[in-house]
Structures are given as C-alpha cells and as structure tokens.
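Scroll down for the structure; my scribbles are underneath it.
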Amino acid sequence: MSTEEADQGHYRITPRRVSFDWHETPLHWIPDEPTATHVINVLHLLLPAGERWFVKVFKEALPLVTDPVLLKGVKGFMGQEATHSVQHAYVLDHLADQELDTAGYTQHVEWFFDVMLGERPPLGVPIPPAEWLRFRLSVIAAVEQFTAVLGNWVLHAEGLDRAGPDPVMLDLLRWHGAEEVEHRSVAFDMYQHAGSTGLPRYARRVGGMAVTAPVLLYLWAWGAAYLMRHDPQLAGRPGYSLREHNRAVAKGLLPSWRELGSAIPRYFKRSYHPSQEGSLRKAVDYLTTSPAALAAARQIGRAAIS
C-alpha cells in the first residue's frame, strides 16, 4: 500500500482494540536507564487527557466535514485516538501500583485541556466560536506533526532494541507509533477542510504550531522532572538532567533534538503535507506483527465466528 493510495482514501484507518498485560513490566522498563524511561513515560502523562480532547474537538467539527472520504478518515482517527487514551491511562494505573503517583501532574494536564482549550475560550476572551474551533483544530494538527515524527522514530529505534526494554512497553509504543504514522494526515486534512481558505488558513496553521511547540516542550520537561522526582527507586539521587537526556539520545534511546526541531520548519512550508512524514509501509508492517494488534485481530475473528 503506497502513501499516495492512503492519502487518496484507499487505505482504511481502523481502530484496533488492543490490550496489554502490565504485571511483569518493571518501573524502569529500559534497564538501568531511568532518564530515558521517564522521558518516554511523559507520553502516559499527556495522552489520556490529550487524546480525549482530540476526540471532543473533532466531534464538534464533524458537522463541517462535507467530504465523505475525509469523514471516514476522521472517524477512524477518533476511534484510534480514543483507544490510545485508554491504553496509556492503564499505564498510569500501573505506575501507581509501583508507588509512582502521577496525579499531581495529570490534574494540571486535565485542567489545561478542559479549561484552557475547552469548548469556550478561557477567561471570557471574545473569540467567535467558529474561530476558536479552527484554532483548536490547528493545535491538534500541530501536535499530530510531532506524534508522526515520534511514531516514525520509535519504529526505527534500534537503540531501544539493543537496550533490552520490556517487550510489552515496547509493543505499546510501536503499536501507537505505527497508528500515528498511519493516520498522520487526518488532523492536517481536517484543519485544511474546516480552517477557511487562503492566507488566513495558513497563518492560523503557523500560529497553531507557534503555540503548540513551546507548550509541548514545557510540559515534557516538567513531566520528566516530575517523574524523576517522584520515582521511589530514585530517592536521594539526582533528578532529570539535560546531560543524562543527551547521553540517552547518543545511545539511540531518545529522538535527537534535531529530529524533533526540524519538524517545525517543514510544517511551516506553504506546500507541506504530512504524507511526507515517515513510512506508511513500515507502520503497516509493524501492525501486522505487533503482539497486541495480532491478539486484537484474533479476538475479532473469534467473535465473528461465534
């Protein structure tokens, strides 16, 4: 299946009802690498609330979709994002079982999405409802730019394989990453479809990224520091440090700053489209071998037979 076929609507985006067993997953699921472990664990802090918010905003915008092909993609996207939210929330429960309580951080994340990016502009700011919806769609498109880059990175992260990580966590990350590459264009296409036309649409897209990139960096740094500080196995040890982060990057355990940062100027190009990001073939290949995705497919098959 080619990227072009996917963008023309011939590739169906379908939620996979996966599940994961966390009973054997250690707190530091990358052995002897607490910094890399917790930098990646920030995903679990942000995504339950964040991806629920994606679905809420898309539900608001569904009446604006007049293209039946885009509508199918949007509904598939919403199903996948809802599943991602649930599965990452289960990881938070697992962290709590290991005495790493994340509520002190996640309550702020939930407030941010519910209040600052809720159905109405915060603090009574006089923004017309249609424009507020377009802005939030531009934020989702910008976030999805980074999730596509991260998804492509984790699918190719040989450094993670060499480190001997917990296989269940690695499967979660690669299943999720593959689906992010799989639906990489949907949020952008949704914004383009609903975000008016011409220069105002482009300016709002740039503005969405200009807001999203620094906020994501702040939330990620705060989240990593929070996890390191509250990790019961790291009591009395130094917390998050940029030096340890960069050491993990050098080992291939985290994406490079250049890899993440270069996603921004690409996005600013007037001619940009997310179909340029990652490899759909790589994503689909992983989804055909993912233990969780295979188990979900077998369950569907058994249900169809019974």
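Quick caveat, the model's predicted, so the values are computed rather than measured. Residue numbers start at 1 and run along the sequence shown.
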**OP:** Calculate, to the nearest 0.5 Å, the distance between atoms NE2 and OG1 belonging to H94 and T25 respectively.
**Re:** 5.0 Å
Subject >> Aromatic ring proximity, centroids under 6.0 angstrom, F20 and W22 >> reply: yes
**OP:** Give a yes or no on whether R120 atom CZ has more than 12 heavy-atom contacts from other residues, nucleotides or ligands under 6.0 Å away.
**Re:** no
**OP:** Kindly indicate, with the supporting measurements, whether the criterion ring-ring contact (aromatic ring centres under 6.0 Å, His included) is fulfilled by H38 and Y240.
**Re:** CA-CA 9 Å; H38 286 319; Y240 171 82; over 10 Å; no
Subject >> Rounded distance (nearest 0.5 Å) linking atom NZ of K56 with atom CZ of F113 >> reply: 11.0 Å
Subject >> H193 side chain vs T66 backbone, donor-acceptor pair below 3.5 Å >> reply: yes
Original post:
Using a distance-only test with no angle check, is there a side-chain donor-acceptor pair under 3.5 angstrom linking S138 and R134?
Top reply: no
**OP:** Begin with the C-alpha distance, continue with both residues' side-chain angles, and end with the deciding distance and a verdict on salt bridge (Lys or Arg N to Asp or Glu O under 4.0 Å) for E33 and R247.
**Re:** CA-CA 10 Å; E33 294 288 349; R247 187 183 65 81; 3.1 Å; yes
Original post:
Are more than 12 heavy atoms from other residues, nucleotides or ligands located less than 6.0 Å from atom OH of Y90?
Top reply: no
Subject >> Inter-residue atom distance T288.OG1 - L294.CG, 0.5 Å rounding >> reply: 7.0 Å
Subject >> Residue D32 excluded, over 12 heavy atoms near CG under 6.0 Å >> reply: no
Subject >> Carboxylate-amine/guanidinium contact E144 R184, below 4.0 Å >> reply: no
**OP:** Could you tell me whether E99 atom CD has more than 12 heavy atoms of other residues or ligands within 6.0 Å of it?
**Re:** no
**OP:** Kindly indicate, with the supporting measurements, whether the criterion side-chain contact (heavy atoms from CB on, under 4.5 Å) is fulfilled by V249 and L253.
**Re:** CA-CA 6 Å; V249 169; L253 303 176; over 6 Å; no
Original post:
Honestly, is R270 close enough over Y202, meaning NZ or CZ under 6.0 Å from the six-membered ring centre and within 45° of the axis?
Top reply: yes
Subject >> Steps toward salt bridge (Lys or Arg N to Asp or Glu O under 4.0 Å) verdict (E131, R136) >> reply: CA-CA 9 Å; E131 185 61 25; R136 288 179 294 149; over 6 Å; no
Original post:
Do you know which two heavy atoms are closest between V149 and A263, and how far apart they sit?
Top reply: CG2-CB, 3.8 Å
Subject >> Lys NZ or Arg CZ of R201 over Y191 ring: under 6.0 Å, within 45° >> reply: no
**OP:** Indicate, with yes or no, if the rings of H245 and W257 have centres closer together than 6.0 Å.
**Re:** yes
**OP:** Specify whether W222 and H108 have parallel, tilted or perpendicular ring planes, treating 30° as the upper limit for parallel and 60° as the lower limit for perpendicular.
**Re:** tilted
**OP:** Look at the rings of H176 and H84 and say which category their plane angle falls in: under 30° parallel, 30 to 60° tilted, over 60° perpendicular.
**Re:** tilted
Subject >> F112 side, atom CZ; T106 side, atom OG1 - distance, nearest 0.5 Å >> reply: 15.0 Å
